[in-house]
Number of protein chains: 2
Amino acid sequence: MATGRTHRPATRSRGIPEATVARLPLYLRALTALSERSVPTVSSEELAAAAGVNSAKLRKDFSYLGSYGTRGVGYDVEYLVYQISRELGLTQDWPVVIVGIGNLGAALANYGGFASRGFRVAALIDADPQMAGKPVAGIPVQHTDDLERIIQDNGVSIGVIATPAGAAQQVCDRLVGAGVTSILNFAPTVLTVPDGVDVRKVDLSIELQILAFHEQRKAGEDGGAAAAPTPQAAAAAADQGPDGDVPAVMPA
Amino acid sequence: MATGRTHRPATRSRGIPEATVARLPLYLRALTALSERSVPTVSSEELAAAAGVNSAKLRKDFSYLGSYGTRGVGYDVEYLVYQISRELGLTQDWPVVIVGIGNLGAALANYGGFASRGFRVAALIDADPQMAGKPVAGIPVQHTDDLERIIQDNGVSIGVIATPAGAAQQVCDRLVGAGVTSILNFAPTVLTVPDGVDVRKVDLSIELQILAFHEQRKAGEDGGAAAAPTPQAAAAAADQGPDGDVPAVMPA
DNA sequence: TACTGTGAAAATGTTCACAGCC
DNA sequence: GGCTGTGAACATTTTCACAGTA
């Protein structure tokens with residue numbers, strides 16, 4: 001039953017700290033924007049502002065990649081775009097499958113940010129036979145029955161799970177069985193995977209809960225901070241709306 | 001123009017560390033599942049497994065909230081559900097607006113995980129006049145023109161931005177101007193906000209990029225770790241698909 | 001006995017501040 | 001002069017290991 005670990009790759013990632021890796025895509029985006037405006041060089045101060053971090057952190061981050069800057073001048077935008085892309089593995093093509101083509105899956109399929117960074121949506125997979133053949137974002141949806149074949153035919157190593165929570169673990173097992181070694185999970189469940197498989201999780205309601213925590217702090221306690229006005233007392237009838245996608249409730 | 005900081009609340013959150021706050025929703029979900037199965041008590045070991053963390057971390061996390069367990073026995077599930085909910089501020093009703101009802105916005109509106117945790121979608125807002133009046137997830141979409149009124153009428157303090165990147169900052173400014181103090185941003189842009197406003201960011205393509213980084217590591221280097229088989233050589237024709245939402249694409 | 005709660009150690013991440021170089 | 005690169009100080013987070021207790 002594999003003592004499934006989540007997150008944290010086994011591969012200590014050579015020298016680059018996780019926290020730095022997590023920021024590289026941020027820098028890359030900021031750099032890409034500069035590149036589009038044909039800006040030739042940028043200082044750590046400017047780039048940091050564009051990426052929303054402070055400049056000391058940025059410089060330290062870059063120092064793990066090597067010495068790609070020029071003292072007194074800054075960083076060459078194009079060169080840095082290339083170096084970071086290479087470091088992140090974006091100079092190669094990553095075929096990706098999306099499983100679960102509900103609202104969220106469709107949104108993901110349409111999301112331009114994937115195609116624009118070396119990721120290619122190789123297939124869309126759904127358990128509903130009604131969906132089979134229907135094009136979403138120009139790609140025909142295929143049935144779950146063919147999951148293994150699709151993975152293998154396309155050499156897919158990254159899978160995205162956008163199914164309801166109840167189906168996620170089963171889909172995950174099949175993806176892993178077929179050779180997928182990285183999973184991006186949108187279903188609100190903890191996935192159990194064998195060692196060597198990375199799982200990253202995006203949970204919409206968790207982010208909101210964290211915001212609520214801080215929001216509560218602003219209003220409550222004493223008059224510490226400022227800003228927040230009344231938290232409105234409408235703390236009443238919270239109709240438990242119908243579950244659209246993701247049920248949030250484990251099947252038991 | 002406010003030297004907009006992102007993330008990290010100003011309010012040092014009494015004693016509870018950020019890292020702990022970020023895990024509370026995880027514990028809450030696991031506990032809710034146990035509660036539904038009428039499990040009366042749970043040990044740190046069991047709960048930690050269900051939440052995907054290790055037990056020492058969980059105990060330390062709970063120790064910041066107080067001593068809610070019983071030595072030799074474990075934690076009372078119902079009691080803990082209540083305590084964590086209260087700590088997160090989920091015992092009150094949080095009206096939320098979603099701005100940008102494209103694919104992603106619709107997915108969010110339909111997402112059951114919101115309603116099930118004290119969050120109530122108070123309104124859907126879109127800039128497209130064609131959308132106005134159309135119901136999405138049973139809620140009629142309203143036009144951006146009415147944004148300020150909607151925020152104030154509903155006492156909204158949390159806003160979700162699911163617009164294209166280009167519109168995000170403008171929407172953000174209007175939300176903040178109307179009194180919103182917490183923002184969940186799905187647009188791939190760094191938002192600038194005044195002090196006292198919290199921003200959390202969910203970026204789909206960033207998560208994939210982090211996976212790609214580790215995926216690359218598994219394949220490359222030498223035969224350090226195990227698991228990962230062939231990374232398939234399909235590194236060829238990556239047709240730069242059309243941008244659905246979000247921009248990007250390196251020019252060079 | 002079987003568990004929690006927590007100090008203390010270790011690891012990781014951030015910031016400071018300045019030497020070094022263009 | 002202006003900026004990078006980085007040791008060293010500081011801060012946060014994780015883990016260990018065990019005392020305390022129902």
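The sequence lines fix the lettering, A, B, ..., with proteins before strands; numbering per chain opens at 1. Here the structure is a predicted model, which means the values were calculated and not measured.
With distances taken from any side-chain atom of A:Ala19 to the nucleotides D:dA22, D:dT4, C:dG13, the minimum falls on C:dG13. Side-chain atoms of B:Thr70 lie closest to D:dA22 of the nucleotides C:dA8, D:dA22, D:dG7. Side chain of A:Arg59, nearest nucleotide from D:dG7, C:dC18, C:dG5: C:dC18. Distance from the side chain of B:Arg71 is smallest for C:dC3 among the nucleotides D:dT15, C:dC18, C:dC3.
Between A:Ser43 and D:dC3, a side-chain N or O to OP1/OP2 separation shorter than 4.0 Å is absent. The shortest distance between the side-chain N/O atoms of B:Tyr75 and the OP1/OP2 oxygens of D:dA22 is not below 4.0 Å. Contact between the side-chain N/O atoms of B:Lys60 and the OP1/OP2 oxygens of C:dG5 is not found at any separation under 4.0 Å.
For B:Lys57 and D:dT12, the NZ to C1' distance is 13 Å, given to the nearest whole Å. Rounded to whole Å, the distance from CG on B:Asp76 to P on C:dC3 is 16 Å. Atom CG of B:Asp61 is separated from atom P of C:dG5 by 12 Å (rounded to the nearest Å). The distance from atom CZ of A:Arg23 to atom P of C:dT12 is 15 Å, rounded to the nearest whole Å. In this structure, CG of A:Asn54 is placed 13 Å from C1' of C:dA17, rounded to the nearest angstrom. Distance OH (B:Tyr68) to P (D:dA22): 18 Å, rounded to an integer number of Å. Between the P atom of D:dC16 and the CD atom of B:Glu45 lies a distance of 12 Å, rounded to the nearest Å. Between the CG atom of B:Leu58 and the C1' atom of D:dT15 there is a distance of 14 Å, rounded to whole Å.
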Determine, stepwise, if the pair A:Thr189 / A:Gln169 fulfils side-chain hydrogen bond (donor to acceptor under 3.5 Å, both in side chains). CA-CA 8 Å; A:Thr189 319; A:Gln169 182 64 58; over 6 Å; no

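In this structure, A:Phe62 reaches neither bases nor backbone, as no heavy-atom distance under 4.0 Å exists between it and the strands shown.
If A:Ala56 and A:Val73 are placed on DNA chain C by their nearest nucleotide, the residue sitting closer to the 5' end is A:Ala56.
Between A:Leu28 and the options A:Leu24, A:Leu26, A:Thr32, a side chain to side chain contact (heavy atoms under 4.5 Å, CB included) holds for only A:Thr32.
Between A:Tyr68 and A:Tyr79, a ring centre-to-centre spacing shorter than 6.0 Å is recorded.
For B:Trp94 (side chain) and B:Arg117 (main-chain N/O), no donor-acceptor pair under 3.5 Å exists by modelled atom type.
The pair B:Arg59-B:Glu45 does not meet the salt-bridge criterion, since no charged nitrogen lies less than 4.0 angstrom from a carboxylate oxygen.
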